[in-house]
Structures are given as C-alpha cells and as structure tokens.
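Just so you know, ligand 1 is whichever comes first in the structure, and atom 1 is the first atom listed for that ligand. Note: hydrogens, waters and symmetry copies are ignored here, and every other heavy atom, side chains too, is used.
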Amino acid sequence: MMENDIFDEIIGFLSEEGEISRYADIDGDLLEKFNSCKSPGAAALSKSKPMIRESDVPSDSAGKKSDTVTYAESSSKSHGDKRKELEDLAGQVTGCRNCRLHLDRKNTVFGSGNPDAKLMFIGEGPGADEDEQGLPFVGLAGQLLTKMITAIQFDRQDVYIANIVKCRPPGNRNPFDDEATQCLGYLQKQIEIIRPEVLVLLGAVPLKFLVGKTGITRIHGNWLEYKGIRTIPTFHPAYLLRNPSVKKDAWDDLQKVMQAFGKVYRKSP
Ligand code: URA
C-alpha cells in the first residue's frame, strides 16, 4: 500500500476543483495555488525554479516561441495499420532469443497502450510482476507511474508504455549494454510506428540507451530530442519509491509535459 504523495495530492486537488479529466486543460493559476499552498515541498521548489520557464518553451525552426508541440510529424498511418504493425512486432519479440535474457523469462513484455498515443513513456525493463503478466509497469512502480500519468491529465489507456529491454533482467539488475543494444531495435520500431509527440524517459537506462546521455540527476527535466521527437527525462518510479523526496522534482518535470501539450492555460494575461 503506497502512502499519499504529491501525485495523490495534485490528483485530489484538481478533482476537487473539477479540473481532472483526460485531455482537459488546466488553469495555471490553480496549479500555482497547489504548488505554493498544498505542498510545502513544492512551494519551495516553485520559488527556486518557476513551474514554467520561458526557456523551457521550445523554439520552432523559425526561432518563434511555441508552447505547444510541433516537432514530430504525426504518423499518417491509420490506427488499424499501427495496431497490426505493433502486433507483428510483438510476435517477433515473443520468439526473440537475441540475448541471454530470454533464458529465464516467463513472458516477454512488449509494451502496452494506445497505438495512436501522443505521449509515450520508456522504462528500463520488466520486473517480476511484469514478467509474470507480460505487461509493463504493473507492479508497485507501475502504480506510481499510473498516478504520475493521471496527475498530468492523461489516462493510462491513452498513452503508450514500453521498455528498453523486453525480458526481465535477473534480480531486477539494470540491463547490460549488449542486452540493451540487442533489444533496442524493437523499441526504435515501436516508436517509429506510434510516432508520439513526446517521449518521457524514466530514469538513467532509457536516457543512456535511447539518447546516449548519462547523469539523470543533472539532466532530468531538460528537453532533448530523439529522431525529431521531443524527449524529456525524469526519474524512474522505482527510484521515486525508494527516494520519496525526489517526487516533487519529478512532478516539476512532468508539468513541463503538460505545458508542452498546451494543457496549462492562463485566465489572466
Ligand atoms: N520497471 C521498468 O522499468 N519497467 C517495467 O515495466 C516495470 C518496472
């Protein structure tokens, strides 16, 4: 049983204000109110680091500031075509024996969600619960991820969730370089099929293998790019469970995702 955290608080706060619903816009003043009143931790954070900074807003190719996502060209494929391509790819993953991780698996964990997702989350690899069920992020870390997704006004069924490796590394260790490299092609193909507008990298492993960077504590919350797709690293939910004080930093990062989707509006100019 997870204790209440900043994600429960924001979900509760926005629900009370009648603001929580999927793909809804959020009143920025309410968010500020939450950040400054409801959570002392977040209040301190928002003083030192404004919730939405001008520099966080991407420039388009003409250098014009834009507060909505325009980077990735959305896929021209139909929902049915994407579903079929993902199913075919999942079939390949089920039979994969490219690395040693296939030896101990109960199930491959391909990924799950909406083939038309605009937002995609990338984790490391399956744990015991995921290996058992063949689905990503279904254990405790998954429960936290679901709350993180709800807090930014998305519904878990509308996003897509996948991992760097599709089979469980023994003892939940990080995947070795050769395992991740052997598996990466599947994830790259998933991203190509889904073509989301924003990728959220959960922790150091996807940061390393998808965009070739290290230093999650330094880089989290900064916009990066993966094949023309706006990409933002934040902390892995399992890390947040072990280090609850870092949840406010993850919340700060995730607010940038809401902002990128133009979900935060201001009543007053
Ligand atoms: N951790 C991950 O990185 N992925 C999962 O699917 C579950 C836990």
| task | Flag the pair Arg168 and Asp104 as a salt bridge only when some basic side-chain nitrogen lies within less than 4.0 angstrom of an acidic carboxylate oxygen. | result | no
| Charged N to carboxylate O under 4.0 angstrom, Asp158 versus Lys118? | no
| query | Between Lys33 and Asp27, is there a salt bridge with N-O shorter than 4.0 Å? | reply | no
| query | Among His236, Glu130, Glu124, which residue places a heavy atom closest to atom 1 (N) of ligand 1? | reply | His236
| Are the charged groups of Arg173 and Glu124 less than 4.0 angstrom apart, N to O? | no
| task | Check whether any heavy atom of Asn163 sits under 4.0 Å from an atom of ligand 1. | result | yes
| message | For a quick check under 3.5 Å, do Asn163 and Glu130 share a side-chain donor-acceptor pair by atom type? | response | no
| Subset of ligand 1 atoms that lie under 4.0 Å from at least one heavy atom of Gly123 | 3 (O)
| field | Gly125 touching ligand 1 at heavy-atom level, < 4.0 angstrom | value | yes
| said: Out of all atoms in ligand 1, which are within 4.0 Å of some heavy atom of Pro136? Include the element for each. | reply: 6 (O)
| query | Between Phe137 and ligand 1, is there a nitrogen or oxygen pair with a distance under 3.5 Å? | reply | yes
